[in-house]
2 protein chains.
Amino acid sequence: MAKEISKPQATSADTGGRRATTARELAKMLGVSQSAVSRAFTPGASIAAPLRERILKFAAEIDYQPNAIASMLSKSRTNIIGIVVSDMRNPFYPALIERLSRALQRIGLQSLLFNIAPGTNLEEQLTALRRYNVDAVIVISATILSGQTLSWATEGRPAILINRVIEDINMSCIACNNSEGASAIAEHFYERGHKRVAYVAGLSHTTTNRERQYGFITRVAELGMTLTSQADAGEYSYEAGRRAALEIIKGKSVDAIFFANDLLAIGGLDALREEGGCRVPEDIAVAGFDDIAMAAWPHYNLTTFSQPIDDIVRVVVEKVGSNTMQLLEQPEIIRLSGELVKRKTTGL
Amino acid sequence: MAKEISKPQATSADTGGRRATTARELAKMLGVSQSAVSRAFTPGASIAAPLRERILKFAAEIDYQPNAIASMLSKSRTNIIGIVVSDMRNPFYPALIERLSRALQRIGLQSLLFNIAPGTNLEEQLTALRRYNVDAVIVISATILSGQTLSWATEGRPAILINRVIEDINMSCIACNNSEGASAIAEHFYERGHKRVAYVAGLSHTTTNRERQYGFITRVAELGMTLTSQADAGEYSYEAGRRAALEIIKGKSVDAIFFANDLLAIGGLDALREEGGCRVPEDIAVAGFDDIAMAAWPHYNLTTFSQPIDDIVRVVVEKVGSNTMQLLEQPEIIRLSGELVKRKTTGL
DNA sequence: TACCATATTGCATTCGCATTCATTCACGAC
DNA sequence: GTCGTGAATGAATGCGAATGCAATATGGTA
């Protein structure tokens, strides 16, 4: 009864050869069929428990791992999610990417990172995205990509936009309710007695900016406050925040400034205190948006509207993890609600 | 002579079908062989220029793209580089990852991100890394992974460690000369007349910490300065920096503190000024390491040792991009030299 | 005992492209 | 005009796992 089983001789010697054991080889060693090996590694496949165990045990011994590439080809499913990013300078994005990629990994999905450099040929860069047959695409870039480019790049593949809403584009969008958040900031200013307020845009054409701007200005008007001025920083950066803040307070009297995101606000905050000669919050209040880690640092203690990163990740993973096709058939726009975080830049 | 060419009819109708055109189909439409199509897309392949052009032109028309998965399987080369990361909180890493992934993309390599969560089963998480047959692995994690785990995960695959040096592990390591950098900081302190100095470690067992600590302490001794105290912050974070700074100045008189990295230093800086009641640099000087973007912010203006990110990226891409096997055969330890950046936290 | 339903297993094929091998063709040299 | 040389092309095979289908085994039933 005892079959002759070839020993896993080639396990350690082939450091140079770099050819891993294949399912067929393993099968031969065990005297079973390659199908059996494949089934042993496929949950729910039709295979008897003892055989599966025998195979898995032996596989572990000789350190066999199914070749994912071959599997992709035959299943036409890669278990890879393409993540398109363009701005890692704003800490909000690394934080999001970190949690997202971990959550994906937890359910067996890998993240292929597409880092879109501004000012380069997008289509060329995204060609790779199309070739790799990723199961779905998650776009985290708040800027840069036009809807058209996106459609081209994802080419009928399930896609989700995070932090960016484009209608009529056949993609699901997930974003926090920017408008309501900005509204809440306006109300908060109002409650603290700041009547003359200003708004600093990041990139004025981005959807996040438009929504935040709209929400803020609308509520400001409703509450009878005065919108003293608006500035367009031109980019979502610390330096831009500094410049915008100084410009805002030049000449005019302002009680409070709402910056389109935290990075701008932090830059503005430093500039106001150090170059503008203002005390914050005594002379002027400041608020941002996102609630990045730095906002909570004691030095900044920035009032902001917190994006529900965990919720975003949860929803994205849910959508991407299950029946991905559904993303295509029923693209939907999902609004998740963030939370106003009152800190010291708007009061004591 | 004019052959009947089938029209690219299936181009727009199959949004639901999701099956892209194959090389064989394209070949049939054009009346050529599948080999020809493959060759048309393979630089340097043996194919006449006119035929190649005809194929490429038609391919562009019907929006054909070679399936990368199939290509991987037959070439047993994925053009994918695995990037293992564990800490995206320290801005140094996102900055590095961003430039690295862009540089890789520029030469046609994609980045598969493996985000290692601390305190989880590493081997399980890295199983995926092994299955995906990445061409090479770049490990950017300064912490967490033991040499043994690494070897297992990369399994004879070319691997490069960035910012971490492990000897006798059959992998190339690239790091800036931490020891010299720390030395330079010590000298800088000395020149500015700070004689009583302190060192704050991040994670004491990491190689970066050991090297920086060694370089600093050694030079301090050589120059006859006094090492007043050392603290181990326990992690490379802003908060840890705050705590460590306050502990350092408790009771003792210190002229200057060198923090193992910028994030710690920035935390320490804020704490010294706001809770410690110190003026920096008048009462106490502060220096960090890495030169993250924040260090240059006017508010911090932190003296630090700048890591040569561009050089690191260049070298890594060079190694990974060319003959990857060489990485295995001749693992080497490469030290790139950074640069002391003198800013206001060590003098005016 | 004979027979059908179900559970296991192996065989052969498929996924889409790269590549080897053989064939054909064109051009020069002798 | 013949043979040699190299380029261009197509047919066929391989990469490694998944899977439809057929074959076999198992168990229960009449």
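In this text, all values refer to a predicted model and were calculated from it rather than measured experimentally. Note on naming: letters A, B, ... go to the chains in the order of the sequence lines (proteins, then strands), and numbering restarts at 1 for each one.
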What's [X] touching, base or sugar-phosphate or nothing? Going by heavy atoms closer than 4.0 Å.
X	result
Ser46(A)	base
Val32(A)	sugar-phosphate
Ser71(B)	sugar-phosphate
Ile69(A)	nothing
Ile47(A)	sugar-phosphate

Notebook entry, point to check: Can you tell if the side chain of Val84(B) reaches within under 4.5 Å of the side chain of Val137(B), non-hydrogen atoms only?
Noted result: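 In contact.
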Check: Can you find a pair of side-chain heavy atoms, one from Ile174(A) and one from Leu161(A), that are under 4.5 Å apart?
Finding: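 A side-chain contact under 4.5 Å is absent here.
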Taking atom [atom2] of [N] as reference, at what distance in whole Å does atom [atom1] of [X] sit?
X	N	atom1	atom2	value
Arg52(B)	dA7(D)	CZ	P	14 Å
Phe41(A)	dT19(D)	CZ	C1'	17 Å
Asn79(A)	dA17(D)	CG	C1'	14 Å
Arg77(B)	dA18(C)	CZ	C1'	14 Å
Leu51(A)	dT8(C)	CG	P	10 Å
Leu73(A)	dT13(C)	CG	P	18 Å
Ile55(B)	dG10(D)	CD1	C1'	12 Å
Met72(A)	dC15(D)	CE	P	19 Å

Note to self: Using heavy-atom distances to pick each residue's nearest nucleotide on DNA chain D, tell me which of Ala48(B) and Ser74(B) is more 5'.
What the structure shows: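 The 5'-side residue here is Ala48(B).
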Item checked: Whichever of Arg24(A) and Ala49(A) has its nearest DNA chain C nucleotide further upstream toward 5' ->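 With Arg24(A) and Ala49(A) compared, the 5'-side residue is Ala49(A).
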Check: Between atom CG of Asn67(B) and atom CG of Leu73(A), what is the distance when rounded to the nearest 0.5 Å?
Finding: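 Between Asn67(B) CG and Leu73(A) CG, I get 6.5 Å after rounding to 0.5 Å.
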Notebook entry, point to check: How long is the gap from CD on Gln110(B) to CZ on Arg131(A), to the nearest 0.5 Å?
Noted result: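 Rounded to the nearest 0.5 Å, the CD-CZ separation comes out at 10.0 Å.
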Check if the side chain of [X] and the base of [N] share a donor-acceptor pair of N or O atoms closer than 3.5 Å.
X	N	value
Ser35(A)	dT19(D)	yes
Arg39(B)	dT20(C)	yes
Gln34(A)	dA18(D)	yes

Notebook entry, point to check: Of the candidate nucleotides dC11(C), dA17(D), dG16(C), which contains the atom at the shortest distance from the side chain of Ser33(A)?
Noted result: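 Looking only at heavy atoms from C-beta outward on Ser33(A), the closest nucleotide is dC11(C).
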Next item on the list: Measure from the side-chain heavy atoms of Ser38(A) and tell me the nearest of dG10(D), dG16(C), dA18(D).
Entry: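 Comparing dG10(D), dG16(C), dA18(D) against the side chain of Ser38(A), the answer is dA18(D).
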Check: Tell me the ring pair (Phe, Tyr, Trp, His ring centres under 6.0 Å) pairs involving residues 60-83 of chain B, sequence neighbours left out?
Finding: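 Listed once each, the pairs are Phe41(B)-Tyr64(B).
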Note to self: When you measure from the side-chain N and O atoms of Tyr64(B) to the phosphate of dC17(C), is any distance below 4.0 Å, counting only OP1 and OP2?
What the structure shows: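 Affirmative; the distance criterion is met.
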Next item on the list: Answer yes or no: does atom CZ of Arg89(A) have more than 12 heavy-atom neighbours from other residues, nucleotides or ligands under 6.0 Å?
Entry: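 No.
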